[in-house]
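Lettering of chains follows the sequences in order, A, B, ..., and the numbering in each one begins at 1. In this text the structure is predicted, and so the values were computed from the model without any measurement.
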Amino acid sequence: MPSNRIRLTVYPHIIKGIILEKVSVDELKNYLGKEVQLHGWVYNTRSSGKISFLLFRDGTGIVQAILYHPDHREELVKRFEELNQETSIVLVGKVREDKRSPLGIELDIVDFNIISKSIDYPISPKEHGVDFLQSNRHLWLRSKKQSSIMRIRSDVVFFAREFFNNRKFLCIDAPIFTPSACEGTTTLFEVDYFNDKKVYLSQSGQLYMEAAALAYGKVYCFGPAFRAEKSKTRRHLTEFWQIEPEVAFFDIDDDMELAEDLVIYLVQKILERRTDDLKILERDIKPLENIKKPFYRITYEDAIKILNKKGIEIKFGDDFGAPDEAAISFEFDRPVFVHRYPTQIKAFYMKKDKDREDLALGFDMIAGEGYGETIGGGQREDDYDTLLKRINENNLPVENFKWYLDLRKYGSVPHSGFGLGIERFVQWITKTQHIREVIPFARTLDRTEP
RNA sequence: UCCUCGGUAGCUCAGUCGGUAGAGCGAGUGGCUGUUAACCACCAGGUCGGGGGUUCGAGUCCCUCCCGGGGAGCCA
């Protein structure tokens, strides 16, 4: 496999004439007793007289490498002293089992070369404040916990796509520039388009997914969403990512089951593949292991009763706040679906319950352990006249929704879908305090840098 | 938009009643053969967020602006 070999043209000074296999830290356990080369950065160094320790990172993990001075020429020992935090190096070492290492393995340094030095790296392996870390997000991403979070996030996205592919969903990307709100209530980011026209950054791909579902049956999109609400909490971003499936001939119960299957699939995959990262994040995995069928399903009115019983004052028609959702989540040992909300607190496109005109066939999935709404979805209004009435009631510009109404004009069918917020989900799985940490470069009310 | 907390060394913070600016970590130098945020010794490092005011004297009190954290509402 040529791609796995060092290219001597790039680092000709490394090991004269000998081509060593280039491996990553997460593969080292397969190379016990062998000499390998790694490309990466210095995480930290320590020394104790005649022995020096190098914590080496390459993006897949961190391994400790040892340099016992008497075994090496003086020049190499001296070069070791030049290593600062985040100096980039090519490292050649022999893989050895060692019980003292958290990984179970260590490297004996054979040789290394400095690619580029790192002077006064600002992030030390000590405590830092959120402000400072956010300002240095481009560097903060290199640290241990952030690396674990990003690996988990990457897997969540990958396996969500795999889940839908396995079920023969078509990936249909929704536009980012949209003519108006998907859900009239929330504020939008306005963008200057051509000829003095205004467009808005998408809040959701849902309406377009409905068109796609009536075209292809089972579809999903994965993309960014933008909300110009001036939210300033550790659960909010102005730019976040969602995965939004939409299925024709699906009712609210089918929809909740799909959401349930997806969540279980994702949690299982992360538990299988990211045990080490969950450990680094000190995530208690017991609550995650408990996530299996069936999730609880309660109606909005049940939820109100639960909250009232707990002494929280809330009545029919009130929406749940973050503390209410947390209170509900603590009542259950796995995620809970709350369904059939009053129509007036839900979006215009939600179908009304035929037995209860005042209820909408929408649901939220409230994640466990105090984390709130992670999924929101439901059955869509598929009757032309009812939908038109709802658009007018919400004072939405009918002309912008002409195409959306068309979907009810030409072979309308019952259909449902939901949106899963990637960051909310990863925040819950990794039990991270701030949502800003589970997206590579967070966009928040007061911060657009770096 | 509202409520609330904060801004002092590269970082995390202390600074009493208004009286000459402090610590730990990090950087640098030296020491140590198994360190895990190593340890020990030495050493450098300051426009106290900006502006204005009160005062003999302001990091400290007052006004104002800027920047950031947490929360509410809204939501994923």
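Salt-bridge annotation for Arg297(A) and Asp253(A): absent, with no side-chain N of the basic residue lying under 4.0 Å from a carboxylate O of the acidic one. Ionic pairing of Lys78(A) and Glu74(A) is not present here: no N-O contact between side-chain nitrogen and carboxylate oxygen is shorter than 4.0 angstrom. A salt bridge between Lys145(A) and Glu282(A) is present, with a side-chain N of the basic residue lying under 4.0 Å from a carboxylate O of the acidic one. Salt bridge present: Asp111(A) and Arg79(A) bring a charged side-chain N and a carboxylate O closer than 4.0 Å. For the pair Lys309(A) and Glu331(A), the salt-bridge criterion is not met [side-chain N within less than 4.0 Å of a carboxylate O]. Ion pairing of Arg340(A) with Asp353(A) is present here, as a side-chain N (NZ or NE/NH1/NH2) and a carboxylate O approach within less than 4.0 Å.
For G70(B), one of the phosphate oxygens OP1 or OP2 lies less than 4.0 angstrom from a side-chain nitrogen or oxygen of His434(A). Applying the 4.0 Å criterion to OP1 and OP2 of U35(B), one finds that Arg46(A) has every side-chain N and O outside that range. Taking only side-chain nitrogens and oxygens, Lys230(A) comes nearer than 4.0 Å to OP1 or OP2 of U1(B). A sub-4.0 Å separation between OP1 or OP2 of C11(B) and a side-chain N or O of Asn136(A) is absent. Contact annotation: Asn44(A) does not reach the phosphate of U35(B) (side-chain N/O to OP1 or OP2, under 4.0 Å).
Between Phe169(A) and Tyr216(A), every side-chain heavy-atom pair lies at or beyond the 4.5 Å cut-off.
Taking the C1' atoms as reference points, G57(B) lies 27 Å from C66(B), given to the whole Å. Separation of the C1' atoms belonging to A27(B) and G50(B) is 29 Å when rounded to the nearest angstrom. Here the separation of C62(B) from C5(B), taken at their P atoms, is 14 Å to the nearest Å. Comparing the C1' positions of A21(B) and A9(B) gives an interatomic distance of 10 Å, to the nearest angstrom. C48(B) sits 12 Å from G10(B) when the P atoms are compared, rounded to a whole Å. Using C1' as the reference atom, C13(B) and C56(B) are 32 Å apart when rounded to the nearest Å. Atom P of U54(B) sits at a distance of 15 Å from the matching atom of C63(B), rounded to the whole Å. Taking atom P in both G22(B) and U36(B), one finds a spacing of 32 Å when rounded to whole Å.
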For RNA chain B, the dot-bracket pattern of Watson-Crick and G-U pairs whose distances stay under 3.5 Å, | for other-strand partners: (((((((..((((.....[..))))..((((.......))))......(((((..]....))))))))))))....
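Look at NZ on Lys50(A): it is 14 Å from P on G30(B), rounded to the nearest Å. In this entry the distance linking CD1 of Ile435(A) with P of G70(B) reads 12 Å, nearest Å. Between Leu54(A) atom CG and U36(B) atom C1' there is a gap of 13 Å when expressed in whole angstrom units. Between Leu188(A) atom CG and C75(B) atom P the separation is 13 Å, expressed in whole Å. In this structure, His69(A) places its NE2 atom 11 Å from P of C32(B), rounding to the nearest Å. Nucleotide G34(B) holds its C1' atom 16 Å from the CG atom of Leu107(A), rounded to whole Å. Note: CD1 (Ile109(A)) to P (G34(B)) measures 17 Å, nearest angstrom. Atom OH in Tyr371(A) sits about 18 Å away from atom C1' in C75(B), given to the nearest Å.
Residue Pro70(A) is classed as having no contact, given no heavy-atom separation below 4.0 Å to the nucleic acid. Within the nucleic acid shown, Leu420(A) has no heavy atom closer than 4.0 Å to any nucleic acid atom. Within the 4.0 angstrom heavy-atom criterion, base atoms lie near Asp98(A). Among the heavy atoms of the strands lying under 4.0 Å from Phe132(A) are primed sugar atoms or P, OP1, OP2 only; no base atom is included. Counting non-hydrogen atoms under 4.0 angstrom, Ser47(A) reaches a base of the nucleic acid. Within the 4.0 angstrom heavy-atom criterion, no nucleotide atom of any strand lies near Glu244(A). Nucleic acid contact for Gln64(A): base, since at least one base atom lies under 4.0 Å from a heavy atom of the residue.
The one candidate from Gln427(A), Gln146(A), Arg234(A) that meets the side chain to side chain donor-acceptor pair (under 3.5 Å) condition with Glu437(A) is Gln146(A).
Residue side chain Phe240(A) meets the stacking definition with respect to A76(B): its ring centre sits within less than 5.5 angstrom of the base's six-membered ring centre, and the planes differ by less than 30 degrees.
Close placement of the Phe401(A) and Phe348(A) rings is indicated, their centers lying within 6.0 Å of each other. In this structure, the ring of Phe316(A) has its center less than 6.0 angstrom from the ring center of Tyr300(A). Between Trp41(A) and Tyr121(A), the ring center distance fails the sub-6.0 Å criterion.
Between the side chain of Gln433(A) and the base of G70(B), no donor-acceptor pair under 3.5 Å is found. You won't find any donor-acceptor pair under 3.5 Å spanning the side chain of Arg447(A) and the base of C67(B), going by distance alone. Applying the 3.5 Å distance criterion, the base of C75(B) shares a donor-acceptor pair with the side chain of His236(A). Residue-to-nucleotide contacts include no donor-acceptor pair under 3.5 Å from the side chain of Ser48(A) to the base of C39(B). Between the side chain of Ser231(A) and the base of G73(B), a donor-acceptor pair under 3.5 Å is found.
For Arg234(A), whose side chain is taken as the heavy atoms from C-beta onward, the closest listed nucleotide among G34(B), G71(B), A76(B) is G71(B). For Glu325(A), taking side-chain heavy atoms from C-beta onward, the closest of the listed nucleotides C75(B), G69(B), C11(B) is C75(B). The listed nucleotides are U12(B), U36(B), A72(B); the one nearest the side chain of Arg100(A) is U36(B). Considering only side-chain atoms of Arg424(A), the nucleotide from U12(B), C75(B), U35(B) that sits closest is C75(B).
If you find the closest nucleotide of RNA chain B to Leu445(A) and to Ile66(A), the one lying nearer the 5' end belongs to Leu445(A).
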